[in-house]
Amino acid sequence: MSYIQALRLPQALVDMGYQLAIYRGDLEHADAPGNKWHKLKYNIAQAQAQGAQVIASFGGPFSNHLHALGALCPAYGMQAIAVVRGELQPQLTPTLQDFVRQGGLLWPSSRIDYRAGMESLVRQEIETLYGECYWVPEGGSNQAGVLGCYDWAQSIAQRGGSEFDNWVVSAGTGATAAGLLASPYSPSLSVIPALKGGEGLRADIIAWAEEIALMQGGASGLQAHASSFQAYKFRLYADYHGGGYAKFSPELKAFLQAFALLNPNVRLDPVYTAKAVFGLMQEMQAQRWPHKTNLMIHTGGLQGWRGYSGYC
Ligand SMILES: *Cc1c(COP(=O)(O)O)cnc(C)c1O
């Protein structure tokens, strides 16, 4: 199987000369598909290097990140602990059921305490019981997470991704986008946030990308490299959040139904990748999209469909 597959676009976009393919990140890893394994890779390595037995993290009840963490930890002999946003419902979500089945431990937290993150009371309670843990921030979005996505860009390029003018990726925190952007293996990068206020990610993505480029390339080339992130390599489209995080509008649903008719072999996830492909096609339709040959990076998330009723 090739990791890169052509997508069929609506005829009007084909007539405009646009091409779109998809990098099947959703098929890369059986237990932890998409970007989350890449974000956890160096976190798990660091945890092991520090001699930690427990990796703890944060997430919502449908979190792709917690799902991947729970799936990966047993193979490394690590105990996974999840601090879950909000109270735990008596009937766990499918995501959290998988987490527990794989040996992970769940800790509910009030929304207020959850927001305190590393300063939360629940963190102190967990460390009292389990000793010092290796903590991964929500979404796996720290420097180690960005570095994993920096590596991912190279493998995407080597699997045929270097043939394209432009890559497209969805964003939550922007850590994945930053890793891809920092890599010399990515061509230009279009980033489409799934949350409101996505314009604010621009500075974060650039700062993270510069940090990683500096770590990898040394200070010398940084100035030129950093300004190139701004000047032509990176574009952000903040208007396709569709009402906000995890909002699934009738418009998005209709788009997905049309997409599925044209591309029955590819599923997009409702929270991230669907919004990115929708946004990309809207921009093409409006003749604002500057790149002819495009590669959408599928960041996974299909397990999240289990939180939705209706189309999947
Ligand atoms: C977590 C996630 C993202 C967002 O990744 P960031 O690094 O936070 O920008 C995108 N797509 C899917 C499917 C995800 O699960």
Side-chain angles (χ1 to χ4, degrees), residues 22-29 31-43 57-72 85 95 98 136-153 156 167-183 186 189-209 212 234 236-238 240-242 245-246 248 252 256 266-280 296-308 312:
I22 192 158
Y23 178 80
R24 298 297 303 271
D26 57 320
L27 301 180
E28 275 180 344
H29 197 298
D31 301 323
N35 59 347
K36 295 303 185 288
W37 175 77
H38 297 279
K39 296 173 82 175
L40 282 167
K41 180 175 86 161
Y42 286 115
N43 277 297
S57 193
F58 304 89
F62 297 98
S63 163
N64 295 326
H65 162 66
L66 290 184
H67 196 263
L69 181 70
L72 292 168
R85 184 179 56 233
T95 306
D98 286 351
V136 181
E138 200 173 34
S141 296
N142 54 9
Q143 193 184 66
V146 176
L147 190 59
C149 296
Y150 177 93
D151 289 359
W152 195 23
I156 294 170
W167 292 358
V168 186
V169 74
S170 176
T173 62
T176 302
L180 298 177
L181 181 64
S183 168
S186 56
L189 186 72
S190 307
V191 180
I192 309 183
L195 281 72
K196 273 188 188 164
E199 191 53 45
L201 291 185
R202 184 186 299 277
D204 296 348
I205 290 172
I206 289 175
W208 257 327
I212 295 297
F234 170 41
L236 186 80
Y237 297 87
Y240 295 102
H241 54 76
Y245 185 69
F248 191 53
L252 191 63
L256 274 179
V266 177
R267 279 169 85 213
L268 301 173
D269 85 291
V271 181
Y272 295 99
T273 52
K275 290 178 182 177
V277 177
F278 176 73
L280 148 84
M296 168 74 198
I297 312 297
H298 198 314
T299 41
L302 298 176
Q303 70 86 27
W305 269 120
R306 297 177 298 175
Y308 289 74
C312 53

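Every number for a ligand or one of its atoms is a count from 1 in the order of the listing.
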Is it the case that the side chains of Y42 and D151 hold a donor-acceptor pair, with the cut-off being a distance below 3.5 Å and no angle test?
yes

May I have the N/O to N/O pairs between ligand 1 and the protein that fall below 3.5 Å, each with atom names and distance to one decimal?
{"from": "ligand 1", "atom 1": "5 (O)", "to": "N35", "atom 2": "ND2", "distance (Å)": "3.1"}
{"from": "ligand 1", "atom 1": "7 (O)", "to": "K39", "atom 2": "NZ", "distance (Å)": "2.6"}
{"from": "ligand 1", "atom 1": "7 (O)", "to": "A175", "atom 2": "N", "distance (Å)": "3.4"}
{"from": "ligand 1", "atom 1": "7 (O)", "to": "T176", "atom 2": "N", "distance (Å)": "2.9"}
{"from": "ligand 1", "atom 1": "7 (O)", "to": "T176", "atom 2": "OG1", "distance (Å)": "2.7"}
{"from": "ligand 1", "atom 1": "8 (O)", "to": "K39", "atom 2": "NZ", "distance (Å)": "3.2"}
{"from": "ligand 1", "atom 1": "8 (O)", "to": "T173", "atom 2": "N", "distance (Å)": "2.8"}
{"from": "ligand 1", "atom 1": "8 (O)", "to": "T173", "atom 2": "OG1", "distance (Å)": "2.6"}
{"from": "ligand 1", "atom 1": "9 (O)", "to": "G172", "atom 2": "N", "distance (Å)": "2.8"}
{"from": "ligand 1", "atom 1": "9 (O)", "to": "T173", "atom 2": "N", "distance (Å)": "3.3"}
{"from": "ligand 1", "atom 1": "9 (O)", "to": "G174", "atom 2": "N", "distance (Å)": "2.8"}
{"from": "ligand 1", "atom 1": "11 (N)", "to": "T299", "atom 2": "OG1", "distance (Å)": "2.7"}
{"from": "ligand 1", "atom 1": "15 (O)", "to": "K36", "atom 2": "NZ", "distance (Å)": "2.7"}
{"from": "ligand 1", "atom 1": "15 (O)", "to": "N64", "atom 2": "ND2", "distance (Å)": "2.7"}

F248 vs W305 aromatic rings, parallel, tilted or perpendicular, using cut-offs 30° and 60°?
perpendicular

Assess whether side chain to side chain contact (heavy atoms under 4.5 Å, CB included) is satisfied between K41 and L147, documenting all intermediate values.
CA-CA 9 Å; K41 180 175 86 161; L147 190 59; over 6 Å; no

Out of curiosity, S141 OG to K36 NZ, how far, rounded to the nearest 0.5 Å?
7.0 Å

Shortest non-hydrogen contact from V271 to K275?
O-CD, 3.6 Å

Identify, with sequence neighbours excluded, every residue that meets ring pair (Phe, Tyr, Trp, His ring centres under 6.0 Å) alongside F58.
Y114, W135

